[in-house]
Amino acid sequence: MTESIRFLMCSPDHYDVDYVINPWMEGNIHKSSFDKAREQWQNLYHLIKDHAIVDLVTPAKGWPDMVFTANAGLVLDKTVVLSRFYHKERQGEEPYFKTWFESQGFTVHELPKDLPFEGAGDALFDREGRYLWAGYGFRSELDSHPLIAEWLDIEVLSLRLMDERFYHLDTCFCPLKGGYLMYYPPAFDSYSNRLIEMRIPPEKRIIVEEPDAINFACNTVNINQMVIMNKASENLKARIEEAGFTVLETSLTEFLKAGGAAKCLTLRVTEPVIVDRHAVVKVESHTVLMEGHLLDAGLINRALDLVVEGGGSFKVLNFNLGEQRQSTSKAEIKISAPSHEVMEEIISQLIDIGVVSLEDDQRDARLQPVEQDGVGPDDFYVSTIYPTEVRVDGQWLTVQHQRMDGAIAISETPNGLVAQCKILRDLKVGERVVVDVVGLRTIRKTESREARNAPQEFSFMSAGVSSERRVELIVEQVAWELRQIRDRGGKVVVTAGPVVIHTGGAQHLSHLIREGYVQALLGGNAIAVHDMEQSIMGTSLGVDMKQGIAVKGGHRHHLKVINSVRRYGSIATAVENGLVKSGVMYECVKNNIPFSLAGSIRDDGPLPDTQMDLIKAQEDYAELLQGADMILMLSSMLHSIGVGNMTPSGVKMVCVDINPAVVTKLSDRGSVESIGVVTDVGLFLSLLVNQLDKLTSRYGVVQVG
Ligand SMILES: NC(=O)c1ccc[n+]([C@@H]2O[C@H](COP(=O)([O-])OP(=O)(O)OC[C@H]3O[C@@H](n4cnc5c(N)ncnc54)[C@H](O)[C@@H]3O)[C@@H](O)[C@H]2O)c1
Ligand SMILES: NC(=[NH2+])NCCC[C@H](N)C(=O)O
């Protein structure tokens, strides 16, 4: 017997599966056998007793899970951090464990009431005593880790649990003597896995596979070179033995029904104490403010989900609920993350949805100089579509040329500091670029309840993909908007792919251009080629547009068209000389509508107007997009995504595509102004033109094209 090692156990007099608080208990209510449980517990008790001292705490009636003493608290030396159970089903165990610890002369630390932490079930010492691994995600809150680090004066490494079957750290993670670690990696998020790999060298990692993990192989009691567990496969046993341990199996099936096994049934009350240790904790906290229709627009849910999905945790410090339909709510939320890196990622996503960091009222943004033209600092802040402000030298600057996926560059000008969004290639030495996420805020329009809720006639719908039956309603809305924009002299930009022509949409798009509904056209080589092919030869990609059948030799038509237009030197000259007599390109030229054709690797020809210098093409696109009120994106994934990336929020975007995935990608920018329509583009355009004609005649201004 090793005198210096002691464990605390609790006999299963009142043990049963009485309720469900973890997936193992489901379907097992009152299914464990009392006699068998007692026998299994006795076997474990004697096995441990042969090698260590076992103390017993008196079981209390009505608290069936009290057998799992690992959850009593976390002990180091003569100090204990008492558990604060997450579920009320176990909270009644707390006073019994507290009394026991006090009777044994421990100094007992108690966490605040609303800060769950489930003791040694969720916190495991490295067996060399160097640091503490602490789990969070299901039963214990990340915010408990800094307090534990302080009280036990030890470095805490936070690990996030992801699989609810492994809801306590000790169900999937077991540090062993000699710096070994037996664990089941898929139970953790990638950040935690990296942290583990940084601390434990590969030769000391004993990876447990799922079949062993679900037999609670990681839930092991380690006494020197011995490991006691419910069950292990031959393969796992061999690997553990290779590391120098003896494996003792003892069946604990009745306790598995409650979600526990060997380690859960014990609490080690003598832990190796390293004298030279210090409290270190990487957990960071940050207080943020949210304002708006937090409940009815679902903003608070989105924010809290982002925090949790990002690996952080939160505490709502204040919530001021707006009392009336039009009033907004306000919430102050404390966010915690296991490291600065994780915090940065979470905050940057929260900034995107308009959350304001409270500390940032006092903090300037962090800037780093551009050291090479066209290259940003490593962790530059990636811009979004939302209007952004950045705090430099104590003043908030509005970022100019807002766009997605750029960097924010600060330059000194004779008129003072200027902040602007720049794509990486445009960064210049002499500018400074925002890194990290401090000193930044985005300005979000308060979304009204109505905009977020079910679509109403003539109100622009919230972001989301429409179902087929809503297409007509959307067409009505788009038609209404197009008319409004035209009447007030606004700007509509169309980006379109060749499918518009193949689906018979050319005549409708031509109509829109002729009627003044389009102020710029963006596309590629193909739309122009197929449109002019239809105009000159009556086919589109060799298919007769009237009869819908392929014409003999038709596959060469578009090349002939390209060749003819090349002879004229430009589309405009070809139109002026009567080669092209109708269609989309014809209307553009005739109505002085600027267009930009961006080249691609698959282009035939190309047409003389197709810009094969892609940087120049992007600049042309950006210029034509300036000041747009609405962008109609018609069946071109390539050009639509390109356009989406350079457009700030506030511009209405309508994306029409037959593929829901494309529509979702484009319309899901989180802004109310984007709308997706999953339908055939030819059909959409024909409905749109019809509706516009109806609207126009309703106003008594019938215009004949
Ligand atoms: N001959 C040529 O030079 C030639 C030919 C084809 C494409 N290209 C070039 O290739 C690039 C990409 O072309 P793209 O824009 O056609 O391709 P793309 O793949 O980017 O987009 C086509 C989109 O149309 C959608 N679509 C298909 N049928 C539809 C329908 N009936 N209704 C609505 N949506 C429908 C698809 O889901 C897809 O998202 C462009 O630059 C283009 O100019 C050149
Ligand atoms: N340390 C452990 N993993 N303990 C297992 C506890 C089981 C108990 N039924 C619970 O869900 O809380």
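The model shown is predicted, which means the values in this text are computed figures rather than measured ones. In each ligand, atom 1 is the first atom listed, and ligand 1 is the first ligand listed.
Contact annotation: for Met25 versus ligand 2, heavy atoms closer than 4.0 Å belong to the side chain alone. With a 4.0 Å heavy-atom cut-off, ligand 1 is reached by the side chain of Thr503 but not by its N, CA, C or O. When non-hydrogen atoms are compared, ligand 2 lies under 4.0 Å from the side chain of Arg90 (C-beta onward) but not from its backbone. The side chain of Val499, and not its backbone, has at least one atom closer than 4.0 Å to an atom of ligand 1 (non-hydrogen atoms only; side chain from C-beta on). With a 4.0 Å cut-off on non-hydrogen atoms, Tyr167 touches ligand 2 through its side chain and not its backbone.
In this structure, atom 19 (O) of ligand 1 lies nearest to the protein heavy atom Met637 CE, 4.1 Å. Among all non-hydrogen protein atoms, the one lying nearest atom 2 (C) of ligand 2 is Cys264 SG, 2.8 Å. Distance from atom 22 (C) of ligand 1 to its nearest protein heavy atom, with residue and atom name: Ser635 O, 3.6 Å. Residue, atom and distance of the protein heavy atom nearest to atom 10 (O) of ligand 1 are Arg602 CD, 3.1 Å. If you check which protein heavy atom lies closest to atom 32 (N) of ligand 1, you get Val681 N, 2.9 Å. The protein heavy-atom contact nearest to atom 15 (O) of ligand 1 is Ser636 OG, 2.7 Å. Residue, atom and distance of the protein heavy atom nearest to atom 1 (N) of ligand 2 are Asp170 OD2, 2.7 Å. Of the protein's heavy atoms, Asp604 OD2, 2.9 Å lies nearest to atom 1 (N) of ligand 1.
Counting atoms of ligand 2 from 1 in the listed order, those under 4.0 Å from a heavy atom of Asp65 are 8 (C), 9 (N), 10 (C). Counting atoms of ligand 2 from 1 in the listed order, those under 4.0 Å from a heavy atom of Gly121 are 1 (N). Counting the atoms of ligand 2 from 1 in the order shown, those under 4.0 Å from a heavy atom of Ala70 are 1 (N). Close approach to Val662 involves these atoms of ligand 1, each under 4.0 Å from a residue heavy atom: 39 (O). Of all the atoms in ligand 2, the ones that sit under 4.0 Å from a non-hydrogen atom of Asn71 are 1 (N), 2 (C), 4 (N), 5 (C), 6 (C). Distances below 4.0 Å separate heavy atoms of Ile21 from the following atoms of ligand 2: 10 (C), 11 (O), 12 (O). Those atoms of ligand 1 that come under 4.0 Å of a heavy atom in Ala526, given as number and element, are 4 (C), 5 (C), 6 (C), 7 (C), 8 (N), 42 (C), 43 (O), 44 (C). Contact atoms of ligand 1 toward Asp680: 30 (C), 31 (N), 32 (N) (distance under 4.0 Å to a heavy atom of the residue). Residue-ligand proximity, Arg139 to ligand 2, at heavy-atom distances under 4.0 Å covers atoms 10 (C), 11 (O), 12 (O). Near Ser600, meaning under 4.0 Å from one of its heavy atoms, ligand 1 places the atoms 9 (C), 10 (O), 11 (C), 41 (O). Counting the atoms of ligand 1 from 1 in the order shown, those under 4.0 Å from a heavy atom of Ile658 are 26 (N), 27 (C), 28 (N), 29 (C), 30 (C), 32 (N), 33 (C), 34 (N), 35 (C), 37 (O). Within ligand 1, counting atoms from 1 as listed, the ones closer than 4.0 Å to a heavy atom of Thr679 are 32 (N), 33 (C).
One finds no salt bridge joining Lys231 and Glu249 here, because no Lys/Arg side-chain nitrogen approaches an Asp/Glu carboxylate oxygen to under 4.0 Å. Using a 4.0 Å cut-off between charged side-chain N and carboxylate O, Lys263 and Asp170 make a salt bridge. With salt bridges taken as basic N to acidic carboxylate O contacts below 4.0 Å, one links Asp13 and Arg38. For the pair Lys616 and Glu619, the salt-bridge criterion is not met [side-chain N within less than 4.0 Å of a carboxylate O]. Under a 4.0 Å N-O distance rule, the pair Asp544/Lys546 does not qualify as a salt bridge.
With atom 16 (O) of ligand 1 as the reference point, the heavy atom nearest to it among Pro498, Ala496, Gly497 is part of Pro498. Counting only non-hydrogen atoms, the option in Leu607, Leu638, Asp657, Asp603 that gets closest to atom 37 (O) of ligand 1 is Asp657. The closest heavy-atom contact to atom 41 (O) of ligand 1, among the options Glu533, His639, His530, comes from His639.
The two residues Val663 and Gly676 make their nearest non-hydrogen contact at CG1-CA, 3.3 Å. Across Asn219 and Ala261, no two heavy atoms sit closer than the pair OD1-C, 3.0 Å. Nearest heavy-atom pair across Cys174 and Thr220 is SG-O, 3.7 Å.
The aromatic ring centres of Phe255 and Phe216 sit 6.0 Å or more apart. Ring centroids of Trp41 and Tyr45 are separated by less than 6.0 Å, placing the two rings close together.
Around atom OH of Tyr86, no more than 12 heavy atoms belonging to other residues, nucleotides or ligands sit under 6.0 Å away.
Judged purely by atom type and a 3.5 angstrom limit, Ser540 has no side-chain atom pairing as donor or acceptor with the backbone of Val543. Listed for the Ser140 side chain is a donor-acceptor partner under 3.5 Å among the backbone atoms of Glu118. Checked by atom type and distance alone, the side chain of Asp603 pairs as donor or acceptor with a backbone atom of Ser600 at under 3.5 Å. Judged by distance alone, the side chain of Gln40 and the main-chain N or O of Thr250 form no donor-acceptor pair under 3.5 Å.
Every heavy atom of Leu683 sits 4.0 Å or more from the atoms of ligand 1.
Checked against a 3.5 angstrom limit, the closest N/O atoms of Asn22 and ligand 2 fall inside it. Below 3.5 Å of separation, one finds no N or O of Val656 facing any N or O of ligand 1.
Using modelled atom types and a 3.5 Å distance limit, the side chains of Glu533 and Thr539 yield a donor-acceptor pair.
Of the candidates Phe125, Phe173, Phe188, Trp133 forms a ring-ring contact (aromatic ring centres under 6.0 Å, His included) with just one, namely Phe173.
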Would you check, one step at a time, whether the test side chain to side chain contact (heavy atoms under 4.5 Å, CB included) holds for Leu115 with Arg84? CA-CA 7 Å; Leu115 193 55; Arg84 276 267 176 238; 5.8 Å; no
